Amino acid sequence: VQLQASGGGLVQAGDSLRLSCAVSGRAYDTYAMGWFRQVPGKEREFVAAISRSGRKLGYADSVKGRFTISRDSTMNNAKNTVHLQMTSLKSEETAVYYCAARWAGWDAAPAEGYEYWGQGTQVTVSS
């Protein structure tokens, strides 16, 4: 599984931003997907997750009500994509955002145990 995150940039506090993660490889529909973020000098933290079916979602308390994770798939060309819609961004949410994937034997949106990681995309929120 290969992951390519995009959509980061510089925004002002209160603005919105949409991140995308292109997923390539086999068996996309068997993977739960997640978004994490990391600030230099701090541990990477969970942001949001979506189950293999897309029906179950999980969010960090700090982003509930403001961030929305979703996933889609293009049956014809297998360009499967996971999105993170972020609204009302705060300056303290400046970080590198990573998408991740883990095989899921059941339909859950876990906050840990991810096996595959993308390269990250920088999100900078100015106050």
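Quick note: residue numbers are just sequence positions, from 1. Every value quoted in this text rests on a predicted model; they were computed, and no experiment measured them.
Qualifying ring-ring contact (aromatic ring centres under 6.0 Å, His included) partners for Phe46, counting only residues two or more places apart in sequence or in other chains: Phe36. For Lys64, the salt bridge (Lys or Arg N to Asp or Glu O under 4.0 Å) criterion is met by Asp61, not counting sequence neighbours. Remark: Glu45 engages Arg37 in a salt bridge (Lys or Arg N to Asp or Glu O under 4.0 Å) (not counting sequence neighbours). By the salt bridge (Lys or Arg N to Asp or Glu O under 4.0 Å) test, Arg44 is found to be paired with no residue, residues two or more places apart in sequence or in another chain being considered.
Between atom CG of residue Asp29 and atom CG of residue Asn80 there is a gap of 6.5 Å, rounded to the nearest 0.5 Å. With rounding to the nearest 0.5 Å, the separation of SG in Cys99 from OH in Tyr114 is 11.0 Å.
A continuous path of hydrophobic side-chain contacts links Ile69 to Leu89 [ILVMFWY only; heavy atoms under 4.5 Å].
Thr121 places no side-chain N or O within 3.5 Å of a backbone atom of Tyr97 that could act as its donor or acceptor partner. In this structure a side-chain-to-backbone donor-acceptor pair under 3.5 Å is present from Thr94 to Val125.
Evaluation of the side chain to side chain donor-acceptor pair (under 3.5 Å) test over residues 99-113, restricted to residues two or more places apart or in two chains, returns Ser51-Asp107, Ser53-Asp107.
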Donor-acceptor pairs are to be reported for all side-chain atoms of residues 1-21 against protein atoms at under 3.5 Å, with residues two or more places apart or in another chain.
unit_1: Asp15; atom_1: OD2; unit_2: Gln12; atom_2: N; d: 3.1
unit_1: Ser20; atom_1: OG; unit_2: His83; atom_2: ND1; d: 3.0

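Hydrophobic side-chain contacts under 4.5 Å tie Val39 to no other Ile, Leu, Val, Met, Phe, Trp or Tyr residue.
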